Amino acid sequence: MGSTLAIHWTVTTHGTWLHGDPKGSWKNGTLMGPDPLLRQAASENMTNEAETLSQPEIELAAEAFGRVCQKGGHQVLAATIRPIHAHLVLGRIASPAEKVIWWLKRQSAAAVFDSRRSQGRPTPRHLWTNRRFVVFIYDERHLANTIKYVQRHNIEAGLSANPYSWIDPLNRNDT
């Protein structure tokens, strides 16, 4: 295995992608298929409502992600922020991945929760899931496919492939 070219980080909002989900889920390092009984049990064990981002909250989370990456000197090759999840493809990062991800989650949640509080809305304990879904990318083909996958989320949402100014795509023609 060569050196790491990039990291693909995926995060879901709290309670929106439970174990047993029809799309599959990870538990203890194992990919699990759909399991309606497991999904029902996971849903019944939730102590808070599931969190979904509104369009203004998506923009707040995107701004926070951008600030963290620009301030920290982290290169973002692709990014999408949707109502129930986000993907970032991080190229060069200046800190350990765990710290970068923790800071991304913390700052984006703070921005969203500050907005909700200013509107007199309640804020939950968590915006994002606790786990880190990270894939280390070691080859160019995998990297190109991952970038296209993330960009497709934006295009399907009616956005440009790289809608945020803080994205530094490898191929400038993809913007």
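Quantities reported herein were computed from a predicted structural model and do not represent experimental measurements.
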> May I ask whether Tyr149 and Ile147 are part of the same hydrophobic cluster, defined by side-chain heavy atoms of I, L, V, M, F, W, Y residues being less than 4.5 angstrom apart, directly or through others?
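Yes.
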
> Please check this pair: side chain of Lys105 against backbone of Asn130, looking for a donor-acceptor N/O pair closer than 3.5 Å.
yes

> Counting distance only, does the side-chain N/O of Asn154 pair as donor-acceptor with the main-chain N or O of Ala79 below 3.5 Å?
yes

> Can you name the residues that form a ring-ring contact (aromatic ring centres under 6.0 Å, His included) with Tyr164, not counting sequence neighbours?
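Residues passing ring-ring contact (aromatic ring centres under 6.0 Å, His included) with Tyr164: Trp166.
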
> Within the structure provided, determine whether Val11 and Phe133 are in side-chain contact (heavy-atom separation under 4.5 Å).
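Counting from C-beta outward, Val11 and Phe133 never come under 4.5 Å.
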
> Let me have the donor-acceptor pairs involving side chains of residues 58-78, under 3.5 Å, with sequence neighbours excluded, atom names and distances please.
residue: Glu59; atom: OE2; partner: Gln55; partner atom: NE2; Å: 3.4
residue: His74; atom: ND1; partner: Ala94; partner atom: N; Å: 3.1
residue: Gln75; atom: OE1; partner: Arg92; partner atom: N; Å: 3.2
residue: Gln75; atom: NE2; partner: Asp168; partner atom: OD2; Å: 3.2

> Considering only heavy atoms from C-beta outward, does the side chain of Ile137 approach that of Thr146 to under 4.5 Å?
yes

> Just wondering, do Pro124 and Phe113 contact through their side chains at under 4.5 Å, heavy atoms?
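Yes, close enough: below the 4.5 Å cut-off.
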
> Hey, could you give me the OG1/CG distance between Thr80 and Leu88, rounded to the nearest 0.5 Å?
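It is 9.0 Å, given to the nearest 0.5 Å.
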
> Do Val89 and Ile7 touch side chain to side chain, with heavy atoms closer than 4.5 Å?
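Not in contact.
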
> Output the distance between atom OG1 (Thr13) and atom CG (Leu127), rounded to the nearest 0.5 Å.
7.0 Å

> Which residue pairs pass the side chain to side chain donor-acceptor pair (under 3.5 Å) test when at least one of the two sits in residues 106-122, sequence neighbours left out?
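As it turns out, the side chain to side chain donor-acceptor pair (under 3.5 Å) pairs with a partner in residues 106-122, which skip direct neighbours, are Glu51-Arg116, Glu57-Arg116, Glu57-Arg121, Ser108-Trp128, Asp114-Arg117, Ser115-Gln119, Arg117-Thr123, Gln119-Arg121.
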
> Show, in sequence, the C-alpha distance, side-chain angles and deciding distance for Thr12 and Ile84, and conclude whether the side chain to side chain contact (heavy atoms under 4.5 Å, CB included) test is met.
CA-CA 6 Å; Thr12 57; Ile84 65 168; over 6 Å; no

> With sequence neighbours excluded, tell me which residues meet side-chain hydrogen bond (donor to acceptor under 3.5 Å, both in side chains) with Asp139.
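For Asp139 there are no side-chain hydrogen bond (donor to acceptor under 3.5 Å, both in side chains) partners, ignoring immediate neighbours.
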
> For His87 and Thr10, test the side chains for any donor-to-acceptor distance below 3.5 angstrom and give the result as yes or no.
yes

> What I'd like to find out is whether the side chain of His85 reaches to under 4.5 Å of the side chain of His153, using heavy atoms alone.
yes

> Name all residues meeting the ring-ring contact (aromatic ring centres under 6.0 Å, His included) criterion together with Phe136; count only those two or more places apart in sequence or in a different chain, and write none if there are none.
none

> Kindly work out whether a path of hydrophobic side-chain contacts (I/L/V/M/F/W/Y, heavy atoms less than 4.5 Å apart) joins Val135 to Leu5.
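Val135 does not cluster with Leu5.
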
> Tell me, please, which residues at least two apart from Pro96 pass side chain to side chain contact (heavy atoms under 4.5 Å, CB included).
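Glu98, Lys99.
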
> Do the non-hydrogen side-chain atoms of Leu143 and Tyr138 ever get within less than 4.5 Å of each other?
no

> For residues Val150 and Ile155: do they belong to one hydrophobic cluster (side chain heavy atoms under 4.5 Å, members Ile, Leu, Val, Met, Phe, Trp, Tyr)?
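Val150 does not cluster with Ile155.
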
> What do you reckon, are the aromatic ring centroids of His142 and His8 less than 6.0 Å apart?
no

